[in-house]
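Read through the structure below, which is laid out as structure tokens, and then see the notes.
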Amino acid sequence: MSLLCLVLSLATTVIAIKVDFPCSNEIPKSLYHIWTSTGFSPEARNSTNWTWPLNLTRDERLGLALIGSLRGGALTHVRIHWLFDFITYNHDSAEETFNFSALDSTMSLLHQHNLSPSFELMGNPSGRLLLDDQMDQQLLRSLVLQAISRYQSKFGSDGVQLWRWETWNEPDLRMYWNASLPAYISYLKTVVEALTQAGLKVGGPAGLFRPKHRICWHALDEFAHLSQPEKKISFLSFHRKGKNSADEVIAGTQGLIKAIKFRYPNLDSIPISNDEADPLSGWWRPCDWHADVRYAAMVVRTAIRLLDDVAFLSNDNAFLPHAPHYFTQRTLLARFQQSESSTHFFLKPVAISLVLLSLLGEKLVPFTINESDDRLTIVSGSSFSDDGAFEGATVISFANETKECPYEAITVDLALHCEGSRCADDARYALFLLDNIQTNPERVWRERGSPAMPDAVLRRRMRDAQGPFRVVTSAPLTTSLTLTLRVPSVALVQVCSKREAMPGAPTNLTALHPAPGETLLVWSDLEVGTRCLLGYEIYSRNSSDATWTKLTQGSILTQWHHDAIEYEYQVHAVDLWKRHGYKSSIVTRRD
Ligand SMILES: *[C@@H]1O[C@H](CO)[C@@H](O)[C@H](O)[C@H]1NC(C)=O
Ligand SMILES: *[C@@H]1O[C@H](CO)[C@@H](O)[C@H](O)[C@H]1NC(C)=O
Ligand SMILES: *[C@@H]1O[C@H](CO)[C@@H](O)[C@H](O)[C@H]1NC(C)=O
Ligand SMILES: *[C@@H]1O[C@H](CO)[C@@H](O)[C@H](O)[C@H]1NC(C)=O
Ligand SMILES: *[C@@H]1O[C@H](CO)[C@@H](O)[C@H](O)[C@H]1NC(C)=O
Ligand SMILES: *[C@@H]1O[C@H](CO)[C@@H](O)[C@H](O)[C@H]1NC(C)=O
Ligand SMILES: *[C@@H]1O[C@H](CO)[C@@H](O)[C@H](O)[C@H]1NC(C)=O
Ligand SMILES: *[C@@H]1O[C@H](CO)[C@@H](O)[C@H](O)[C@H]1NC(C)=O
Ligand SMILES: *[C@@H]1O[C@H](CO)[C@@H](O)[C@H](O)[C@H]1NC(C)=O
């Protein structure tokens with residue numbers, strides 16, 4: 001601990017935050033969950049001698065299952081580079097054919113875990129497309145149209161409606177677009193026309209817009225010269241990162257948006273996205289702050305501060321870390337790969353912070369604060385369930401970029417007003433906290449000597465530290481509560497009125513086995529119908545006629561890790577009033 005931290009701790013400020021949760025549905029402003037996208041580049045594409053078709057590795061598939069099942073809506077989109085390299089081109093047959101087999105299994109995996117791709121139209125089936133001045137535009141158009149119609153018939157037009165189509169990633173870097181500007185412009189024209197022909201829109205140009213790089217500005221020139229660009233372009237995307245700083249991401253994003261809006265007034269109605277909004281470029285760079293709540297708080301701050309500026313943003317953090325940087329690369333998960341068929345994953349605080357954000361409702365609720373403190377970032381949201389029950393939440397992050405300083409604290413007096421009949425009867429609140437003391441699996445691991453192969457006991461302790469930590473499980477709503485936050489922290493206060501219905505059944509319960517003798521259960525809360533849960537209870541039995549044993553009063557996450565493989569599992573939700581919900585279907589071990 002630095003001396004500076006101790007000195008500052010002498011004066012702990014008290015501030016008052018007041019949130020007036022509405023008593024009616026008439027809240028003017030929507031709270032868009034702009035932060036629900038992540039991204040990565042397939043591991044295999046980085047090997048020096050990769051060949052077509054690209055395919056996901058076992059760990060990449062497990063990683064997607066884990067992040068897809070944090071909680072419904074915590075993450076909705078995954079931006080994946082090089083998807084066209086998952087396709088092969090058949091040279092032999094008289095008819096030109098693409099083979100989508102590897103891409104099909106990848107898209108099905110996303111679908112199975114309730115994720116949609118941000119489908120970058122990037123890569124080159126078997127290297128067949130000439131990405132230069134001789135580009136075969138007919139073949140490129142055919143590839144794009146075949147991909148669209150294939151996945152529309154596989155997942156339905158409604159399913160594919162949620163997908164985000166985007167042009168080639170970072171065309172201003174040679175490692176991505178290694179051809180001329182004219183070749184890029186013909187690529188761009190072709191994909192815009194193809195998407196338009198399919199009745200869809202495309203976003204782009206997903207680039208850096210560095211002063212020396214002209215290619216992305218040329219892309220915007222092209223967009224601006226389209227007739228009715230708003231009917232063809234779904235979003236304008238760019239990448240702005242910080243140098244170990246969320247505030248640099250925020251300022252950089254706002255600055256570039258201003259420049260774009262000034263230069264292209266006729267693109268003004270098109271939504272804008274920073275779809276690589278990372279606090280530091282280079283995902284592989286190990287930094288201690290990537291491991292803990294500092295990174296989580298930076299992601300939360302960036303998302304909340306950019307609510308008025310972008311339609312959505314993405315953090316490029318669905319990569320999997322490599323030894324010995326188990327925690328410290330820019331990832332949502334920590335990974336200890338023991339062998340080809342045995343990997344231990346842990347959720348980093350940044351992943352859990354997305355779970356907390358997902359508990360915010362869809363309407364923005366105003367708040368007042370009696371004193372400003374630049375380390376605070378606050379947002380409040382509410383929604384109503386189908387039967388009119390109220391579900392409100394406030395997220396407060398208290399952090400200062402990459403600083404770790406647990407003796408630097410603030411006391412928050414939080415006044416929650418929820419008036420009217422909706423909140424009158426038996427309203428309850430819950431309080432969750434992420435900080436580097438309670439929820440820091442990396443610290444637990446480090447304090448045990450940072451072993452390359454953590455044993456079962458240590459792994460359990462690390463999982464226990466994943467969070468979110470429940471400060472208050474479920475208590476009658478009081479008008480005022482006090483909480484102390486340390487640098488860095490992310491807290492969530494949830495306020496709920498009682499629904500009539502009990503929670504619905506968890507769906508799509510699936511058992512995976514990341515390591516021998518272990519089970520990872522994942523399920524969906526799409527039909528559970530409420531955010532106000534104590535958590536999920538997990539039951540198992542070792543034969544179909546045995547009685548069920550309760551394994552845990554689990555967390556609010558829609559996944560659970562078991563250090564065993566039982567014959568059958570079943571899950572149900574428990575709400576804040578301790579009412580048990582409908583049971584999921586049973587998942588049975590396949591021998
Ligand atoms: C803000 O409210 C807190 C708690 O009520 C109080 O201790 C503090 O002095 C107030 N600050 C200002 C600037 O009024
Ligand atoms: C790609 O692989 C090389 C080793 O082959 C490694 O040094 C580098 O960090 C990797 N880069 C990325 C972006 O994965
Ligand atoms: C090249 O590819 C082969 C076959 O896929 C693989 O066995 C080998 O390890 C690879 N070599 C390198 C340097 O990646
Ligand atoms: C597509 O490729 C896969 C594996 O690469 C192969 O098993 C399959 O037979 C191919 N399909 C067609 C129609 O050629
Ligand atoms: C891609 O990987 C999946 C999962 O391991 C596998 O089922 C599929 O056959 C692979 N596809 C190809 C074309 O290699
Ligand atoms: C999930 O479960 C629901 C309800 O049982 C079912 O309709 C749906 O097809 C399942 N989704 C997937 C991706 O398996
Ligand atoms: C770009 O293409 C040239 C010519 O084909 C090749 O020599 C070079 O290695 C490529 N650069 C990258 C970064 O792929
Ligand atoms: C954040 O930390 C920096 C560097 O230690 C310090 O200069 C700055 O005053 C801190 N910000 C706040 C709001 O405390
Ligand atoms: C259930 O069966 C598995 C494998 O047969 C065994 O490892 C496990 O200990 C059993 N669990 C109980 C509770 O008996």
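Basis for what follows: all heavy atoms, side chains included, without hydrogens, waters or symmetry-related copies.
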Is the [X] ring parallel, tilted or perpendicular to the [Y] ring (thresholds 30°, 60°)?
{"X": "W283", "Y": "F319", "result": "parallel"}
{"X": "Y176", "Y": "W82", "result": "tilted"}
{"X": "W163", "Y": "W165", "result": "tilted"}

message: Counting the benzene-type ring for Trp, do F312 and Y32 have ring centres under 6.0 Å apart?
response: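 Ring centroids of F312 and Y32 are no less than 6.0 Å from each other.
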
Less than 4.0 angstrom from a charged side-chain N to a carboxylate O is my criterion; do [X] and [Y] meet it?
{"X": "R141", "Y": "E193", "result": "yes"}
{"X": "K258", "Y": "D309", "result": "no"}
{"X": "R330", "Y": "D278", "result": "yes"}
{"X": "D308", "Y": "K29", "result": "yes"}
{"X": "R531", "Y": "D525", "result": "no"}
{"X": "R335", "Y": "E43", "result": "yes"}

Can you name the closest pair of heavy atoms from [X] and [Y] and give their distance?
{"X": "S524", "Y": "L526", "answer": "OG-N, 3.1 Å"}
{"X": "V249", "Y": "P279", "answer": "CG2-CA, 3.8 Å"}
{"X": "S358", "Y": "R71", "answer": "OG-NH1, 2.9 Å"}
{"X": "L356", "Y": "L492", "answer": "O-CD1, 3.1 Å"}
{"X": "E166", "Y": "S237", "answer": "OE2-OG, 2.6 Å"}
{"X": "K363", "Y": "S30", "answer": "NZ-OG, 4.0 Å"}

What I want to check is whether the side chains of [X] and [Y] have a donor and an acceptor closer together than 3.5 Å.
{"X": "D59", "Y": "T343", "result": "yes"}
{"X": "D316", "Y": "S314", "result": "no"}
{"X": "H239", "Y": "D275", "result": "yes"}
{"X": "Q138", "Y": "S142", "result": "no"}

query: Could you go step by step and tell me if F238 and T253 meet the side chain to side chain contact (heavy atoms under 4.5 Å, CB included) rule?
result: CA-CA 9 Å; F238 60 80; T253 301; 3.7 Å; yes

Can you measure from [atom1] ([X]) to [atom2] ([Y]) and round to the nearest 0.5 angstrom?
{"X": "L208", "Y": "E170", "atom1": "CG", "atom2": "CD", "result": "4.0 Å"}
{"X": "H77", "Y": "T38", "atom1": "NE2", "atom2": "OG1", "result": "12.5 Å"}
{"X": "D288", "Y": "F327", "atom1": "CG", "atom2": "CZ", "result": "13.0 Å"}
{"X": "Q228", "Y": "S269", "atom1": "CD", "atom2": "OG", "result": "10.5 Å"}
{"X": "L333", "Y": "L62", "atom1": "CG", "atom2": "CG", "result": "10.0 Å"}
{"X": "F223", "Y": "L188", "atom1": "CZ", "atom2": "CG", "result": "4.5 Å"}

Determine yes or no for a side-chain-to-main-chain donor-acceptor pair under 3.5 angstrom, with [X] supplying the side chain and [Y] the backbone.
{"X": "H213", "Y": "F209", "answer": "no"}
{"X": "S397", "Y": "T377", "answer": "no"}
{"X": "D292", "Y": "N440", "answer": "no"}
{"X": "S245", "Y": "K243", "answer": "no"}

message: For the CZ atom on R210, are there more than 12 heavy atoms of other groups (residues, nucleotides or ligands in this structure) within a distance under 6.0 Å?
response: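 It does not: R210 CZ has 12 such atoms or fewer within range.
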
task: Step through the shown structure and confirm whether more than 12 heavy atoms of other residues, nucleotides or ligands are within 6.0 Å of NZ on K261.
output: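 Yes.
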
message: With heavy-atom distances below 4.5 Å as the criterion, would you say the side chains of L139 and Y89 are in contact?
response: yes

- prompt: Do E230 and N266 come within less than 4.5 Å of each other through their side chains, counting heavy atoms only?
  reply: no

- request: Determine, for F98 and R150, whether the Lys NZ or Arg CZ falls below 6.0 Å from the six-membered ring centre while staying within 45 degrees of the axis.
  value: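 Checked: cation-pi criterion not met.
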
query: Does NZ or CZ of R128 lie under 6.0 Å from the centre of the six-membered ring of W52, at an angle within 45° of the ring axis?
result: no

statement: When F84, W177, F119 are each screened for ring pair (Phe, Tyr, Trp, His ring centres under 6.0 Å) with W168, the one that passes is W177

